[in-house]
Visitor: 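Mind looking over this structure? Questions follow.
All values derive from a computational prediction rather than experimental measurement.
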Amino acid sequence: MKLFFSITFILLSHITGLAQTSISVENMTTEEDYENLLVKKIYSDTHTSTFVVWIKKGVKLHKHLTHTEQVLVLEGKAKVQLNDKEIIVQKGDWITIPEQTIHGVKVVSETPLKLISVQTPEFKGEDRVFIE
């Protein structure tokens, strides 16, 4: 638990230093209804993009051609496929997904998966390739 708060503090300190604002990611909620996936951008510049993401069911297999994605799980539990490997993730887990890594998510908890996604360089949604 201390590791979770330490990573969150470091991440928020980094975001705070760049954006000159402070937010409480842990207290962020979904005000609007969503079917499966809700993404809220926290910060973005040419070097990085940071999002809070809620997933009710899952995310289809895909890869990013030029992005590395770092994920910190805040709530929920899911099976995550990373190329040919499958892992279970839950609150406090940190995942690094290098560019070109095929990955997907299947939520296995009643609670939606809530996570922080940090993508480098800046993510504009243009390099996501879904795998059939």
Side-chain angles (χ1 to χ4, degrees):
M1 192 59 139
K2 287 182 182 180
L3 177 62
F4 166 76
F5 288 114
S6 296
I7 291 171
T8 302
F9 176 76
I10 290 167
L11 180 61
L12 290 177
S13 296
H14 177 70
I15 293 168
T16 301
L18 293 173
Q20 301 302 313
T21 61
S22 178
I23 59 171
S24 175
V25 174
E26 201 165 351
N27 293 329
M28 285 182 78
T29 59
T30 58
E31 296 83 31
E32 61 270 24
D33 190 31
Y34 64 103
E35 187 175 324
N36 177 47
L37 187 68
L38 178 65
V39 179
K40 292 187 179 183
K41 185 187 300 184
I42 297 174
Y43 180 81
S44 191
D45 66 18
T46 58
H47 304 287
T48 188
S49 296
T50 305
F51 306 92
V52 177
V53 181
W54 290 264
I55 307 167
K56 287 184 179 178
K57 300 172 191 168
V59 176
K60 292 180 182 179
L61 287 176
H62 66 284
K63 65 181 178 179
H64 301 283
L65 301 176
T66 59
H67 285 84
T68 294
E69 184 174 7
Q70 306 267 345
V71 175
L72 175 62
V73 178
L74 300 175
E75 295 175 6
K77 185 175 182 179
K79 290 182 185 178
V80 175
Q81 183 173 334
L82 300 168
N83 288 325
D84 295 331
K85 183 179 172 184
E86 187 174 86
I87 61 172
I88 300 291
V89 298
Q90 57 194 353
K91 183 177 180 175
D93 288 342
W94 180 268
I95 310 160
T96 299
I97 307 167
E99 63 184 46
Q100 298 288 334
T101 300
I102 295 172
H103 58 289
V105 176
K106 181 176 190 277
V107 177
V108 295
S109 60
E110 290 186 25
T111 304
L113 193 67
K114 178 181 176 186
L115 55 89
I116 296 173
S117 171
V118 180
Q119 302 221 8
T120 56
E122 181 179 23
F123 183 70
K124 297 179 181 178
E126 298 166 355
D127 81 328
R128 183 184 306 127
V129 176
F130 286 97
I131 310 300
E132 297 299 321

Visitor: Are any non-hydrogen side-chain atoms of Ile95 and Leu115 less than 4.5 angstrom apart?
Guide: no
Visitor: Do the rings of His62 and His103 sit parallel, tilted or perpendicular, given the 30° and 60° boundaries?
Guide: tilted
Visitor: Could you list the residues that satisfy side-chain contact (heavy atoms from CB on, under 4.5 Å) with Lys56, not counting sequence neighbours?
Guide: Asp33, Tyr34, Asn36, Pro112
Visitor: Could you walk me through whether Ser117 and Glu69 pass the side-chain hydrogen bond (donor to acceptor under 3.5 Å, both in side chains) test, one step at a time?
Guide: CA-CA 7 Å; Ser117 171; Glu69 184 174 7; 2.7 Å; yes
Visitor: Is the backbone of Asp45 close enough, under 3.5 Å, to the side chain of His47 for a donor and an acceptor to pair up by distance?
Guide: no
Visitor: State which residue, out of Ile87, Val71, Ile88, Val73, fulfils the side chain to side chain contact (heavy atoms under 4.5 Å, CB included) condition with Val80.
Guide: Ile87
Visitor: I need the minimum non-hydrogen distance between Val105 and Ile55, along with the two atoms involved.
Guide: CG1-CD1, 4.4 Å
Visitor: Using only heavy-atom distances, determine whether the side chains of Gln119 and Ser49 contain a donor-acceptor pair under 3.5 Å.
Guide: no
Visitor: For Glu132, look at atom CD and say whether over 12 heavy atoms of other residues, nucleotides or ligands are found less than 6.0 Å away.
Guide: no
Visitor: Minimum heavy-atom separation for Leu113 and Ala78, please, with both atom names.
Guide: CD2-CB, 3.8 Å
Visitor: Please check if atom NZ in Lys40 has more than 12 non-hydrogen atoms from other residues, nucleotides or ligands closer than 6.0 Å.
Guide: yes
Visitor: Quick check: is Val39 connected to Val129 through a chain of hydrophobic side chains (ILVMFWY, heavy atoms under 4.5 Å apart)?
Guide: no
Visitor: Can you find a pair of side-chain heavy atoms, one from Met28 and one from Trp54, that are under 4.5 Å apart?
Guide: yes
Visitor: Below 4.5 Å, heavy atoms only, C-beta onward: do Lys57 and Glu35 meet side chain to side chain?
Guide: yes
Visitor: What distance separates Ile131 CD1 from Ile102 CD1, expressed to the nearest 0.5 Å?
Guide: 4.5 Å
Visitor: What distance separates Lys114 NZ from Thr29 OG1, expressed to the nearest 0.5 Å?
Guide: 7.5 Å
Visitor: Can you measure from NZ (Lys91) to CG (Leu72) and round to the nearest 0.5 angstrom?
Guide: 10.5 Å
Visitor: Between Thr68 and Glu99, is any side-chain donor less than 3.5 angstrom from a side-chain acceptor?
Guide: no
Visitor: Looking only at atom types and distance, does a side-chain atom of His67 sit under 3.5 Å from a main-chain N or O of Glu122, one as donor and one as acceptor?
Guide: yes
Visitor: I'd like to know if the side chain of His64 reaches the main chain of Gln100, judged simply by a donor and an acceptor atom lying under 3.5 Å from each other, with no hydrogens or angles considered.
Guide: no
